[in-house]
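Given the structure is predicted, the values throughout are model-derived calculations rather than measurements. We're numbering straight along the sequence, starting at 1.
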Amino acid sequence: MMKQEFENLIGKEVSDKDYEVIDRVYTFHPAISETEGKKQIADIYNAGGMAVIRGMLEAADIMNSLEKELEEARAALEKVVRRIQNVKDNGIEYEQCRKDLLSTFDRSNSLEEWNFARKLIADRYGSKRVEQLTEELKLN
């Protein structure tokens with residue numbers, strides 16, 4: 001909802017600072033309906049003003065944080081599902097290479113040691129796969 005739309009619903013103007021709080025509560029508070037939310041937030045504002053809306057802000061921010069966490073978890077799950085399918089379709093070599101890279105990276109004591117070990121792994125699995133996994137796993 002845009003600021004002007006909210007102001008039309010309540011029949012007066014609000015500051016940009018207040019609207020930022022209103023919008024966060026409108027967008028993320030668990031008690032605000034996805035279908036009736038505009039009317040709800042306007043009614044809340046008209047009944048109790050910014051004091052009530054500010055009182056709802058912590059719950060809205062917690063919900064926003066949890067929704068982001070859930071989105072990250074879904075993305076991680078999707079990666080695992082793709083990896084499982086890759087094993088089914090192509091065998092375990094990709095996962096073996098991944099495991100070897102992670103283990104070697106954790107045990108390397110210097111950049112020189114890591115680069116040497118990565119070269120040995122590339123000799124076994126191929127440099128293209130090693131580079132792809134190094135980038136994917138952020139082992140640079």
| Minimum-distance pair of heavy atoms, taken over all atoms of A122 and V130 | CA-CG2, 3.5 Å
| said: Looking at every non-hydrogen atom in both residues, tell me the closest pair between A59 and P30 and how far apart they are. | reply: O-CD, 4.3 Å
Any side-chain heavy atom of [X] within less than 4.5 Å of one from [Y]?
X	Y	value
D100	Y125	yes
L9	M1	yes
T27	I32	no
L101	W114	yes
K39	D43	yes
E131	E135	no

Transitive ILVMFWY side-chain link [X] to [Y], under 4.5 Å:
X	Y	result
V25	I62	no
V52	L57	yes
M63	Y26	no

| query | Would Q4 and N8 satisfy side-chain hydrogen bond (donor to acceptor under 3.5 Å, both in side chains), going step by step from the backbone distance to the final call? | reply | CA-CA 6 Å; Q4 184 175 1; N8 289 340; 5.0 Å; no
Tell me whether [X] at atom [atom1] has more than 12 heavy atoms from other residues, nucleotides or ligands lying less than 6.0 Å away.
X	atom1	value
I92	CD1	no
E5	CD	yes
E58	CD	no
Q85	CD	yes

What is the distance from atom [atom1] of [X] to atom [atom2] of [Y], rounded to the nearest 0.5 Å?
X	Y	atom1	atom2	result
Y19	I53	OH	CD1	10.5 Å
F116	I121	CZ	CD1	11.0 Å
H29	D61	NE2	CG	10.0 Å
N46	I10	CG	CD1	6.0 Å
F28	N64	CZ	CG	3.5 Å
E67	E71	CD	CD	9.0 Å

What I want to find out is whether [X] reaches [Y] closely enough, with some N-O distance under 4.0 Å, to be called a salt bridge.
X	Y	answer
K68	E72	no
R74	E78	no
E93	R129	yes
D18	R54	yes

| said: Go through it in stages, so that I can follow the logic: the residues are E113 and T104, the test is side chain to side chain contact (heavy atoms under 4.5 Å, CB included), and I'd like the CA-CA distance, side-chain angles, deciding distance and then a yes or no. | reply: CA-CA 9 Å; E113 193 176 304; T104 303; over 6 Å; no
| request: Assess the side chains of N115 and R118: does a donor N or O sit below 3.5 Å from an acceptor N or O? | output: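 Their side chains do contain a donor-acceptor pair, which is all the 3.5 Å distance test asks for.
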| Relative to each other, are the rings of F6 and Y45 parallel, tilted or perpendicular (30° and 60° limits)? |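 Because their plane-to-plane angle is over 60°, the rings of F6 and Y45 count as perpendicular.
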| request: Using the side chain to side chain contact (heavy atoms under 4.5 Å, CB included) rule, take L133 and Y94 through it: C-alpha gap first, then chi angles, then the decisive distance, then the call. | output: CA-CA 9 Å; L133 276 165; Y94 177 89; 3.3 Å; yes
| message | Quick one, R82 with N86, criterion side chain to side chain contact (heavy atoms under 4.5 Å, CB included). Give me CA distance, side-chain angles, the key distance, then yes/no. | response | CA-CA 6 Å; R82 283 194 307 268; N86 186 47; over 6 Å; no
Donor-acceptor pair, distance only, cut-off 3.5 Å: does the side chain of [X] make one with the backbone of [Y]?
X	Y	answer
S33	T35	yes
E95	V87	no
E13	E7	no

| Verdict with supporting geometry, K3 and D23, side chain to side chain contact (heavy atoms under 4.5 Å, CB included) | CA-CA 8 Å; K3 181 178 182 244; D23 189 54; over 6 Å; no
